[in-house]
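Indexing begins at 1, ligand by ligand and atom by atom, following the structure's order. What you see is a predicted model; the values in this text were computed from it and never measured. Only this structure's heavy atoms are used, side chains among them; waters, hydrogens and symmetry mates stay out.
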Amino acid sequence: MVLESKETTVAYRCPECGTAVYGFAGKFALHAGLVRLKCSCGGSALDLSTTRDKKLRVSVPCLYCRQNHNFTVSDGIFFGRDLFLLNCPYSGMDVGFIGKREQVDEAVKKSGEELAGLLQNLGVDGVREIQPQDMEEDEILPDPTAYDCIRFLMRDLEEEGRIDCPCHIGSGYDLRFIPGGIEIYCPECGATHPFRVDSSSSAESYLDTDSILLT
Ligand SMILES: [Zn+2]
Ligand SMILES: [Zn+2]
Ligand SMILES: [Zn+2]
């Protein structure tokens, strides 16, 4: 009898020193508690933990934002896929790599090339120059779940005709991150409405909003 190997390769690129950090996560270790994958420079760590509904929570250091992004991945995807990429919601770049060693290696290599290309296009020498520096508390970008939450609210209100702005387009509003939160804006007249978001729980509290007037 051949036992299916329940071990997967996890990798990310350290925001502090730029090294690709690799680790293995086995099913048994994971179900026993938190698994932490640390860069040897001590500047960053990827955390894996299991949620109450037996999914895996991955907290990946992001090279572009210098903060961790959280993802929830099912057991089947985590251990079953050849390659699963975790994307920075702000830059759109791949920051976390999960899967078989060979595929992960290839994806990490490709992302390194993308990064080099990006830096070259911007005419900068290192990733340091595009990272946010010494962020103040209110400059830290909100969790992507907060974005989903506000987007849900916006679509819901739009459908019921309960968002308005000076040009009264009524739909087609968009979202963007602002320091300390997220704002809805009108692409036509430029009117905005901000939401302060410090954690996903505070974004959820906006879900009872009845109507929004952009100014
Ligand atoms: Zn490092
Ligand atoms: Zn990011
Ligand atoms: Zn408008």
Side-chain angles (χ1 to χ4, degrees), residues 10-23 36-47 57-73 84-98 107-108 110-112 114-116 118-119 122 124 126-136 138-148 154-155 157-194 197 199-200 211-215:
V10 182
Y12 74 95
R13 198 174 291 275
C14 174
E16 297 306 316
C17 68
T19 308
V21 185
Y22 283 84
R36 169 163 274 193
L37 174 60
K38 264 197 199 146
C39 178
S40 56
C41 81
S44 69
L46 178 150
D47 285 331
R57 191 176 155 85
V58 194
S59 175
V60 189
C62 175
L63 187 69
Y64 303 94
C65 307
R66 276 182 80 200
Q67 70 177 69
N68 281 40
H69 297 316
N70 296 318
F71 301 90
T72 308
V73 181
F84 189 71
L85 301 171
L86 302 173
N87 213 248
C88 164
Y90 310 104
S91 69
M93 305 290 273
D94 300 323
V95 292
F97 310 85
I98 297 170
V108 168
K110 205 172 123 242
S111 86
E114 274 169 13
L115 172 64
L118 177 76
L119 296 180
L122 294 170
V124 298
V127 72
R128 278 279 176 206
E129 293 181 49
I130 58 166
Q131 287 175 338
Q133 304 297 329
D134 301 323
M135 289 187 288
E136 298 291 328
D138 66 352
E139 287 177 298
I140 294 176
L141 295 168
D143 197 76
T145 54
Y147 188 92
D148 289 341
M154 180 180 75
R155 294 285 173 246
L157 292 179
E158 239 178 30
E159 235 164 66
E160 295 177 18
R162 289 189 283 155
I163 303 188
D164 200 10
C165 67
C167 77
H168 307 300
I169 61 165
S171 68
Y173 295 108
D174 216 339
L175 286 181
R176 65 187 164 212
F177 287 100
I178 54 170
I182 292 165
E183 71 182 8
I184 295 184
Y185 67 96
C186 170
E188 290 299 316
C189 69
T192 62
H193 181 82
V197 177
S199 68
S200 62
S211 64
I212 298 172
L213 177 62
L214 276 56
T215 52

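Atom OG of S91 sits about 10.0 Å away from atom CG of L115, to the nearest 0.5 Å. Taking CG of L63 as the start and CG of L118 as the end, the distance is 9.5 Å to the nearest 0.5 Å. Y185 contributes atom OH, which lies 9.0 Å from atom CE of M154 (distance to the nearest 0.5 angstrom).
For the Zn ion (ligand 1), the set of protein N/O/S atoms nearer than 2.8 Å consists of C14 SG, C17 SG, C39 SG, C41 SG, ordered by chain and number.
Of the angles at the Zn ion (ligand 3), the one spanning SG of C165 and SG of C167 is 110° when given to 10°. With the Zn ion (ligand 2) at the apex, C65 SG and H69 NE2 define an angle of roughly 110° (rounded to 10 degrees).
Listed for the R13 side chain is a donor-acceptor partner under 3.5 Å among the backbone atoms of V108. In this structure a side-chain-to-backbone donor-acceptor pair under 3.5 Å is missing from Q67 to C62. In this structure, the side chain of E114 does not engage the main chain of M93 through any donor-acceptor pair within 3.5 Å.
For a distance bound of 2.8 Å, the N, O or S atoms of C189 include one lying that close to the Zn ion (ligand 3).
Applying the side chain to side chain contact (heavy atoms under 4.5 Å, CB included) test between Y173 and each of I163, L157, T192 identifies I163 as the sole match.
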